[in-house]
Structures are given as structure tokens and as C-alpha cells.
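Per chain, numbering begins at 1; letters A, B, ... match sequence-line order.
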Amino acid sequence: MHSIKPLLQPPPDEQILLAQAQNLAGYSLGELAAIAGLPVPPDLKRDKGWIGILLELWLGASAGSKPEQDFAALGIELKTIPIDSLGRPLETTFVCVAPLTGNTGVVWETSHVRHKLRRVLWIPVEGERQIPLADRRVGSPLLWEPSPEEEQQLRLDWEELMDLIVLGQVERITARHGEVLQLRPKAANSKALTEAIGADGSRILTLPRGFYLKKNFTAALLARHFHV
DNA sequence: CCGTGATCATTG
DNA sequence: CAATGATCACGG
């Protein structure tokens, strides 16, 4: 018999949120889905965000497409992160869409990236494809805030990428730019286009991009917490 | 199309 | 075999 139940409202304070997150540790996705009355897809091929939605439901996050933190009142963003058997991330972590126009004068301090990463509740989840989706287990949560060093790394990468975007070099940016933060396509497909600044300062159409945390960065912050 | 949730799958 | 570039679903 289980004694846990999904939060139906945003948690009123941080302690409630953390307690609930800790209570989920050890449960499988199949168990959590069953209690919540959510069907488990055969795999994630057509349901890439399913685990995120499931954990949002369990933690009382306001599901939706609002460009805000998941727990706005608490200033906390929720991120599920797929890990291997050693606790290392299997995927990069999407942060937010990158603004490709209207960026003259933007600074790190007020950027969406910094705001999103101010405080993150990381929920590691077993992610190896050999494990059936329903059998994958939720790990212990980690409420993280960037250290001064981490914020500096993020800021330097962000500034380099934003400079290139402002200077009309967005199509010359590859995922290889940036040590811990990278810019990659974020779209339904390669036909989705959005406005950006071209090399000569004119208006061009290009793929929408998003900022992603590279695995070296998330691996380090997870390791610091879980491998003492 | 945009922003939310991300992972897939081809390729170097 | 890791990483890059591409892609999937949905509400608004």
C-alpha cells in the first residue's frame, strides 16, 4: 500500500516541496503513474516530456507553457534529469528559448537563463533505455543554486553566445560554442523558422534556438551532491 | 509560431 | 559511442 499522493496545488513553502520530492525517491515511474491515473507510454519517442509532466503533477507544479519558473512563488524551477547507473547525466538540459532579436543592451543580470537557473530542484531519474520506462526509478532530489564559480561560467558562455547573436552570427554558432552552456535548435522540425539578425544586420529567418546545459556542468553539480 | 516538457538518432 | 543537430507533443 502506498501512502503518497500527488500535490494538487503548488506547495505553500519550500519545506513541503522538498519533503514531497524526497518522498518520491525510490518509486518507479510506473508506480507514480498508476497512483496518479496516468497511462505510461511504451517509450519516450513520441512523449519526450512525459517524465517531466508526471513529476510536475506529483509536485504540484503549474503545468503549462508559461515562461516562468515552475514554482514562481518559491522562485524554484523543476528539472528532471535522466542519469545512468553511476548518477551521470545522459542528456543535456534545456534551459530556455534564446531571444534572437531585440537584444541590444541585454545583460546577464536580467537574462532569462540566469533567472531560470537561480534555483533549480533537480530530480534525477534512471534514464537508460534498456530499463523499461515504467521500471525506471526516481532518485533523491537536489535543490541547487549556482555557486559564484558556476554563475561565472554560465555568464561567460552566455555573453559569448549573445554577442554572436547580436552581431548577426547566429548561423555560425554550433553546439561546440560554450564550455557549460550551448546553443542548439529548439523546434518542431527544421522547417520551423523565426526571425533573427543576419550577417549584414538585415533580417533573416533561421531555426529557433534554445540554451542547453552541457553534461559536464550538470554532471559536476550532481556529483558534488551525491558523491559527497 | 512560441514556450512548455524534453529525448531521439544520425554522424564524426 | 558521445555529441550535435533534429525532432515529438501540446496549449495558447
Side-chain angles (χ1 to χ4, degrees), chain A residues 6 10 29 32-33 36 38-72 76-86 88-103 111-113 115-117 120-134 136 138 157 161 164-165 170-196 203-220:
Chain A
L29 298 180
L32 296 180
L38 215 62
V40 181
D43 54 55
L44 297 178
K45 284 184 176 64
R46 296 191 168 276
D47 296 271
K48 297 180 178 180
W50 184 78
I51 298 176
I53 302 293
L54 176 66
L55 273 295
E56 279 187 350
L57 189 162
W58 270 93
L59 296 173
S62 44
S65 59
K66 298 179 300 301
E68 296 179 336
Q69 290 162 317
D70 295 289
F71 305 99
I76 295 176
E77 172 75 9
L78 175 66
K79 289 286 178 197
T80 61
I81 184 166
I83 55 168
D84 66 14
S85 60
L86 296 178
R88 298 172 305 197
L90 290 166
E91 294 286 348
T92 56
T93 301
F94 173 71
V95 179
C96 62
V97 169
L100 302 183
T101 60
N103 285 314
S111 68
H112 289 169
V113 172
H115 185 248
K116 281 272 187 176
L117 298 180
V120 179
L121 180 62
W122 296 96
I123 313 277
V125 178
E126 290 180 334
E128 287 163 327
R129 294 196 205 178
Q130 62 186 73
I131 309 176
L133 185 54
R136 299 183 192 175
V138 176
D157 284 348
L161 294 167
L164 290 168
I165 289 172
V170 64
E171 295 192 317
R172 295 175 61 158
I173 299 175
T174 74
R176 282 160 279 262
H177 286 81
E179 295 296 319
V180 299
L181 188 72
Q182 62 183 179
L183 195 77
R184 306 216 309 273
K186 167 65 172 173
N189 54 58
S190 58
K191 288 136 201 153
L193 297 174
T194 192
E195 189 176 321
R203 200 180 138 275
I204 64 169
L205 290 178
T206 190
L207 264 51
R209 315 296 167 97
F211 288 107
Y212 294 81
L213 295 177
K214 299 182 74 169
K215 287 195 277 185
N216 59 349
F217 186 80
T218 49

Nucleotide B:dC2, atom P - distance to CZ of A:Arg209 in whole Å | 12 Å
A:Arg209 versus A:Thr206, side-chain donor and acceptor atoms under 3.5 Å = yes
Which parts of residues 47-58 of chain A get close to DNA chain C, meaning a heavy atom less than 4.0 angstrom away?
-> A:Lys48
Could you tell me the separation between the CG atom of A:Leu38 and the C1' atom of B:dG5, rounded to a whole number of Å?
-> 13 Å
Distance, rounded to the nearest Å, where A:Glu128 contributes CD and B:dC8 contributes P | 13 Å
For A:Lys191 and C:dA6, give me the distance from atom NZ to atom C1', rounded to whole Å.
-> 10 Å
A:Thr194 or A:Tyr212: which one's nearest nucleotide on DNA chain B is closer to the 5' end?
-> A:Thr194
Atom pair distance, as rounded to whole Å: CG in A:Leu59 and C1' in B:dG5 = 14 Å
Base, sugar-phosphate, or nothing: which does A:Glu77 touch, judged by heavy atoms less than 4.0 Å apart?
-> sugar-phosphate
Might you work through the side chain to side chain donor-acceptor pair (under 3.5 Å) test for A:Arg88 and A:Thr218, ending with a clear yes or no?
-> CA-CA 8 Å; A:Arg88 298 172 305 197; A:Thr218 49; over 6 Å; no
Whole-Å distance between B:dC1 P and A:Glu195 CD?
-> 13 Å
Considering only heavy atoms from C-beta outward, does the side chain of A:Pro208 approach that of A:Val97 to under 4.5 Å?
-> no
Would you please confirm or rule out a distance under 4.0 Å between OP1 or OP2 of B:dA6 and any side-chain N or O of A:Thr92?
-> no
Compare side-chain N and O positions of A:Thr93 against OP1 and OP2 of B:dA6 and report whether any pair is under 4.0 Å apart.
-> no
Roughly how many Å is it from CZ in A:Arg88 to P in C:dA3, rounded to a whole number?
-> 11 Å
Nucleotide of B:dC2, C:dA6, B:dT7 approaching A:Leu207 most closely (side-chain heavy atoms) = C:dA6
Within a radius of less than 6.0 Å around CD of A:Glu179, do more than 12 heavy atoms belonging to other residues, nucleotides or ligands occur?
-> no
Taken to the nearest whole Å, CZ/A:Phe94 to P/C:dT7 is 17 Å
Which residues in residues 173-186 of chain A have at least one heavy atom lying under 4.0 Å from any atom of DNA chain C?
-> A:Thr174, A:Ala175, A:Arg176, A:Gln182, A:Arg184, A:Pro185, A:Lys186
What is the nucleic acid contact for A:Asp43, judged by heavy atoms within less than 4.0 Å: base, sugar-phosphate only, or nothing?
-> nothing
More than 12 heavy atoms of other residues, nucleotides or ligands under 6.0 Å from NE2 of A:His112: is that the case?
-> no
To the side chain of A:Glu91, which of B:dT7, B:dC2, B:dG5 is closest?
-> B:dT7
How far apart are the closest heavy atoms of A:Thr92 and A:Lys214, and which atoms are they?
-> CG2-CA, 4.3 Å
For B:dT7, does either OP1 or OP2 sit under 4.0 Å from a side-chain N or O belonging to A:Lys45?
-> no
Closest non-hydrogen atom pair between A:Leu57 and A:Pro6, with its separation = CD2-CB, 3.6 Å
